[in-house]
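Quick caveat: nothing in here was measured; it's all calculated off a predicted structure.
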Amino acid sequence: MDDRLASIDLGSNTFRLSIGRVVRHGDAVQIYDEDRLRELVAMANGLDEHQKVNAATIEKALAALRRFGERLQGFDPANVRAVATNTFRIAHNAAEILPLAERALGFPIEIISGQEEARLIYLGVIQTLPPSDHRRLVIDIGGGSTEFIIGQGDEPLHLASLELGCTSWTRRFFPGGHITAARLQQAVLAAREAIETIAQRYRRTGWDEAYGSSGTAKGLLAILVENALDAHDITLTGMERLSAALVRSGEVRLSDWAGLKEERAPVLAGGLAIMMAAFQELGISHMGAGDGALRIGVLHDLLGRDFHHDQRDESIRQMAERYRVDTSQAGHVCEIALDLFDQLGLEQSAETKELRHVLRWAATLHEIGLAIARSDYHKHSAYILEHADLPGFSRDDQRQLGFLARGHQGRLGKVRTYAPDRAHWLALCCLRLAVLLMRGREAPDTQPVRLQAREHAICLKVPAAWLQAHPLSEYSLRAEAGIWPKAGFTMEIAAH
């Protein structure tokens, strides 16, 4: 493995690039900071009334990503992970922006769910805190969303992402930067209403320590301490003193506040309102600042994948257990599908390696929809895999799982909506054939099956004795050959 990892966090306010160097000390592995870059892009501010990011903001974002791309030249794609958060999740033109952004950066970009963002934030925060068995509440106020996590040790117990952020709240309640008591009260009440949806569950679980991991939390702590509004923590009393002073001045003036960074001033009011609401609704007494956040969590998640501790494997295992998947049958299908995939001789690249993982996960859970109904179960499987909260998986990961699950039986017409490339079609072919070859059997046949692929042609070679012994399976395979021309492939079934 290359000893450098890179994470890119495309936040609603700031884009961040972090490069870490992996150092091994015996059995222990650590990531040391090597370089950091940050660009204030304010994507959330670029959203218009139709929830589309405007052209000027898009160009600003692309320019930032080009600079990041220059710094990442020579990096192994397997060691780079770029994640996009709330603004990309809600922007109606995200599908148009994403390919431009990936071209500017030179690496794939994942639009992650709020749950996945929360998981990675917690993973990042605990890296910078001393080991403890205490339950910890982590709040990360971003530009467009706020994540709430309760965790113990390495394990998150509750994950939530709410659509309230310092940028969106400032735009909504403090237009023009004008602060009044009425506007502040409205902003706090609206935030409390959103937080109320998780408050009972979080209060019931409880926590021993609370940390704020965002720029908002660090900024508030600096202002409260450096202006003698509080001694050493974020508290509701300190924030009430700050809010009263802001109402008196009617705006946030950079010169008034020691510890306030220039880039934080325009969104301070919105962030303050959200944090006050969190303290009031959850009953937080005091809060410290955590240094780690999403970018650190992404680095450590990458490290785990390289050292065979991929969170996605655990998510698949838990789904199989929760939905009572027949793991024996699924394991046999998985074994055959991967064997066929390996025979294709695809270019050995990071993309091929990742696709093999996706095929393995889809084969493991292809029958998960049986938990809903046997009729059209493949469609139910696809829906579950596309829409469930799967820690470690990006939206695109889940779309790939859904494509394979939906397409593993039946016609291919509707699965074309995913617009897969040749490699994905071939992976789907491997899964479909594996399901057919296992149909009505408790274990795979020992006689070898061979799969070859040319540009737009697939050739399956099956032992003649097997075809004679399984006439129904032979009929199914012949029918399968008639389906693939609609996907742009010809399929030949031959005996050997």
Testing the 3.5 Å rule here: is there a donor-acceptor pair between the side chains of Glu147 and Ser161? yes
Show your reasoning for whether salt bridge (Lys or Arg N to Asp or Glu O under 4.0 Å) applies to Arg135 and Glu209. CA-CA 7 Å; Arg135 285 185 181 169; Glu209 304 164 359; over 6 Å; no
Are any of the side-chain nitrogens in Arg21 or Asp3 under 4.0 Å away from the carboxylate oxygens of its partner? yes
Output, in order, the C-alpha distance, side-chain angles, deciding distance and verdict of salt bridge (Lys or Arg N to Asp or Glu O under 4.0 Å) for Asp76 and Arg4. CA-CA 9 Å; Asp76 182 344; Arg4 292 182 304 166; over 6 Å; no
The side chain to side chain contact (heavy atoms under 4.5 Å, CB included) partners of Asp33 (sequence neighbours excluded) come to Arg36
Please enumerate all residues that pass side-chain hydrogen bond (donor to acceptor under 3.5 Å, both in side chains) together with Arg103, with sequence neighbours excluded. none
Taking the ring of His178 and the ring of Phe173, is the distance between their centroids below 6.0 Å? no
May I ask you to decide whether Glu117 forms a salt bridge with Arg119, counting only side-chain N to carboxylate O separations under 4.0 Å? no
Short N-O contact, Glu116 and Arg81, less than 4.0 angstrom: yes
Are any of the side-chain nitrogens in Glu263 or Arg38 under 4.0 Å away from the carboxylate oxygens of its partner? yes
Run Thr146 and Trp169 through side chain to side chain contact (heavy atoms under 4.5 Å, CB included) and show every step you take. CA-CA 11 Å; Thr146 297; Trp169 236 239; over 6 Å; no
Check the angle between the aromatic planes of Tyr383 and His387 and answer parallel, tilted or perpendicular using the 30° and 60° thresholds. tilted
Is the centre of the His158 ring less than 6.0 Å from the centre of the Phe148 ring? no
